[in-house]
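What follows is a single structure, written as structure tokens, with notes after it.
Everything numeric in this text was worked out from a predicted model, so none of it was measured. These values consider heavy atoms only, across backbone and side chains, with no hydrogens, waters or symmetry-generated copies.
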Amino acid sequence: MEASRREDLKATAKVAEESTIDWRGRPSNPLKHGGMRAAAFVLGLQGFEIMAIAAVGNNLITYVINEMHFSLSKSANTVTNFIGTIFILSLLGGYLSDSFLGCFWTMLIFSFLELSGLILLSVQAHLPQLKPPQCDMLNESAQCEEAKGFQALIFFVALYLVALGSGCLKPNMITHGADQFNQKDEKQSKKLSSYFNAAYFAFSVGELVALTLLVYVQTHSGMDVGFGVSAAAMAMGIITIISGTFLYRNKPPQGSVFTPIVQVIVAATLKRKQVCPSDQGSGSGSHSMDPKSISDSVPNSQLTQRFRFLNKACIKSEEESGWRVCSWEKVEHVKILISVMPIFCCTIIFNTILAQLQTFSVQQASSMNTHLSKSFRIPPASLQSIPYLLLLLLVPLYDALARRRPTLITPLRRIGAGLLVATFSMIAAALIERERRNADQLLSVWWLAPQFVIFGVSEMLTAVGLLEFFYKQPLPSEGMRASLTAITYCSYSFGFFLSSMLVSLVNIVTARASAAGAGWLTDNNLNNDRLDLFYWLLALLSFLNFLNYLFWSNWYSIAFKHGGRGDNVV
């Protein structure tokens, strides 16, 4: 029954694929529109946009501490809240695209918003009257004035304009690029897999350039120049996406993926006292009902018993329509979407670990020997380029292996392996931080390389695996892909917000337990903090999260292991 139901849903999704239109609203021409040629312009925007936002986000903690004079913990929370906001706003971008604007216009509008935020950030970093007086935050005797009032207002307005633009862009770039390929065409369907690999490759290139060239400019020419270069990169991205206007095949808005979820829950709740025919024989009812009381006259066997409360949404009477009754396909699609949510939740701790590499690990590098030679130093934030340099080598190798053994490297197995590897990243970070604190002299910054390398492997497995896993889920309509993609980005958001909460909670608890009243992360000097213990805590949470993932992935796989996808991880 599960197998036939799954295949029916896949067939429904395939048939339901909407026709595409060109920039004038006319039906698209397969000979002129779409394909990798059109997708290349989207990849260009993705590369330039991540170049701009990564250069800001990954070195932001240095600017906030040295220029805005925030404390270490407040600076870390400012960065994680900023990045968390970017990814939570992806839900807004997906909703606006699927419901009203379409991917192209959503990208264009919010690209300009992000550009305006970057320009304002550059102006704020350049004008002395928009910053507090210069002061050495590493000097414990210095009384540095923290940015407040109008100075802080301009800074946060600029920062969150960037967050709004970037957040609404992210799900639409991936979706619009994928929309250039017709999944009904076998050749284009194969090219779609290559597009996803190319998209992550473009992401890695953008990150690599940002964390080397752009961070070097920020370090040696000033943050105002660095933010200006980020604005220039974003402007190049806008020019790139506009240049491909005549080549795109666009899917018109068809509604958010959240609408059918709400509709099914509302309809089932309104009929909560009624008996569904699918419950007969299960002890939940004994009355005989006509099969036509189920919407669309679908046999009861099509309705599965998982989340069977939702089956009541299919009960139909003659006078009911609209939100009071749903088709069996819509109910089953909603059940699948609900079933994947635990998988999504298990990646939140993974992104909490990512937050540490963009905040505390950068501060670790600042307190180590960054000299490559007598005259050249590595910018601390540039260490974050190590995972992306590794990804440029690993992604093509993985793609070749996945094509040869598609049943072995499934999305669920890939995610699970990545979550386990992330634990070792934090173990390495804790051991290295203890060595740094106890060393008699400054350690080389290359001691931090292992934690970045290990996490690079983890990110390749988990991040791309999650995107692929969600993309393969059947939907009531193909025009809802942007909303579903946006859900995957929320894992980043929740992970970074959890990091902020965890830092604050750890400081409160450890300060109360300490005789001196000092928490693990309360001092601006890492030599006085206990960052190593915080990393051990994250390693423990990561391993427990991996065990939790094994449970939920097995739960999901048992339900759908006969559905033809081969996602069983146990």
Side-chain angles (χ1 to χ4, degrees), residues 80 83-84 87 196 200 203-204 339-358 360-361 384 386-388 390-391 394-395 397-398 401-402 408-431 450-473 485 487-499 501-502 534-561 565-570:
T80 52
I83 298 176
F87 292 111
F196 279 109
Y200 205 72
F203 170 82
S204 299
S339 296
V340 302
M341 285 301 107
I343 305 294
F344 159 83
C345 291
C346 289
T347 62
I348 294 175
I349 292 292
F350 165 82
N351 288 299
T352 299
I353 293 174
L354 173 62
Q356 313 317 312
L357 299 180
Q358 296 188 2
F360 291 120
S361 291
Q384 298 169 81
I386 293 175
Y388 302 104
L390 186 66
L391 287 172
L394 291 181
V395 170
L397 293 177
Y398 166 79
L401 180 60
L408 176 64
I409 309 179
T410 64
L412 282 181
R413 285 177 176 151
R414 187 174 180 175
I415 295 170
L419 295 180
L420 179 60
V421 171
T423 302
F424 294 102
S425 175
M426 284 296 95
I427 292 174
L431 293 173
Q451 63 202 62
F452 286 100
V453 169
I454 295 171
F455 190 82
V457 176
S458 174
E459 185 171 27
M460 182 195 71
L461 296 169
T462 302
V464 185
L466 184 67
L467 184 63
E468 182 182 354
F469 175 70
F470 266 71
Y471 189 82
K472 287 184 176 180
Q473 303 305 315
T485 303
I487 293 176
T488 65
Y489 283 111
C490 285
S491 173
Y492 291 91
S493 178
F494 296 152
F496 276 77
F497 284 136
L498 178 60
S499 175
M501 294 173 57
L502 197 59
F534 182 63
Y535 282 153
W536 279 117
L537 174 63
L538 285 173
L540 176 61
L541 292 177
S542 179
F543 182 69
L544 294 176
N545 179 64
F546 169 70
L547 297 180
N548 182 49
Y549 172 81
L550 291 181
F551 171 82
W552 288 112
S553 58
N554 187 46
W555 178 81
Y556 176 87
S557 298
I558 289 174
F560 301 119
K561 64 182 178 180
R565 289 181 48 192
D567 280 340
N568 198 356
V569 296
V570 293

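- The distance from the OG1 atom of Thr80 to the CZ atom of Phe360 is 8.5 Å, given to the nearest 0.5 Å.
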Mind listing the side-chain donor-acceptor pairs of residues 348-357 below 3.5 Å, one per line with the distance, residues two or more places apart or on another chain?
unit_1	atom_1	unit_2	atom_2	d
Asn351	ND2	Thr347	O	3.1
Asn351	ND2	Ser491	O	3.4
Asn351	ND2	Ser491	OG	2.7
Thr352	OG1	Ile348	O	3.2
Thr352	OG1	Gly495	O	2.9
Gln356	NE2	Thr352	O	2.7
Gln356	NE2	Ser499	OG	2.8

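- Rounded to the nearest 0.5 Å, atoms CD (Glu459) and OG (Ser425) are 10.5 Å apart.
- Looking at heavy atoms from C-beta onward, Met426 lies out of side-chain contact with Ser542 at the 4.5 angstrom threshold.
- Contact of the Leu412 side chain with the Ile343 side chain is registered, since non-hydrogen atoms from C-beta on lie closer than 4.5 Å.
- Rounding to the nearest 0.5 Å places CG of Leu537 at 4.5 Å from CG of Leu541.
- The main-chain N or O of Leu466 is never found under 3.5 Å from a side-chain atom of Arg414 such that the two would form a donor-acceptor pair.
- Using modelled atom types, one side-chain atom of Ser553 and one backbone atom of Leu550 make a donor-acceptor pair closer than 3.5 Å.
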### Task
Test side-chain contact (heavy atoms from CB on, under 4.5 Å) on Leu461 and Arg413 and set out the steps.
CA-CA 9 Å; Leu461 296 169; Arg413 285 177 176 151; over 6 Å; no
#### Entry: Intermediate values then yes/no, side-chain contact (heavy atoms from CB on, under 4.5 Å), Gln451 and Phe455
CA-CA 6 Å; Gln451 63 202 62; Phe455 190 82; over 6 Å; no
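- Residue Met341 qualifies as enclosed at atom CE: its count of foreign heavy atoms under 6.0 Å is above 12.
- Relative orientation of the Phe87 and Tyr489 rings is parallel, given thresholds of 30° and 60° on the angle between their planes.
- The closest side-chain heavy-atom distance from Cys490 to Phe344 is below 4.5 Å.
- Judged by distance alone, the side chain of Ser339 and the main-chain N or O of Tyr556 form no donor-acceptor pair under 3.5 Å.
- The distance from the CG atom of Asn545 to the CG atom of Leu420 is 11.0 Å, given to the nearest 0.5 Å.
- Phe203 has its ring centre less than 6.0 Å from the ring centre of Tyr200.
- A donor-acceptor contact under 3.5 angstrom links the side chains of Ser361 and Tyr535, judged on distance only.
- A heavy-atom distance below 4.5 Å is not found between the side chains of Ile83 and Tyr492.
- Thr462 contributes a side-chain N or O that, together with a main-chain N or O of Ser458, makes up a donor-acceptor pair within less than 3.5 Å.
- Val457 is not listed as a side-chain neighbour of Phe424, based on a closest heavy-atom distance of 4.5 Å or more.
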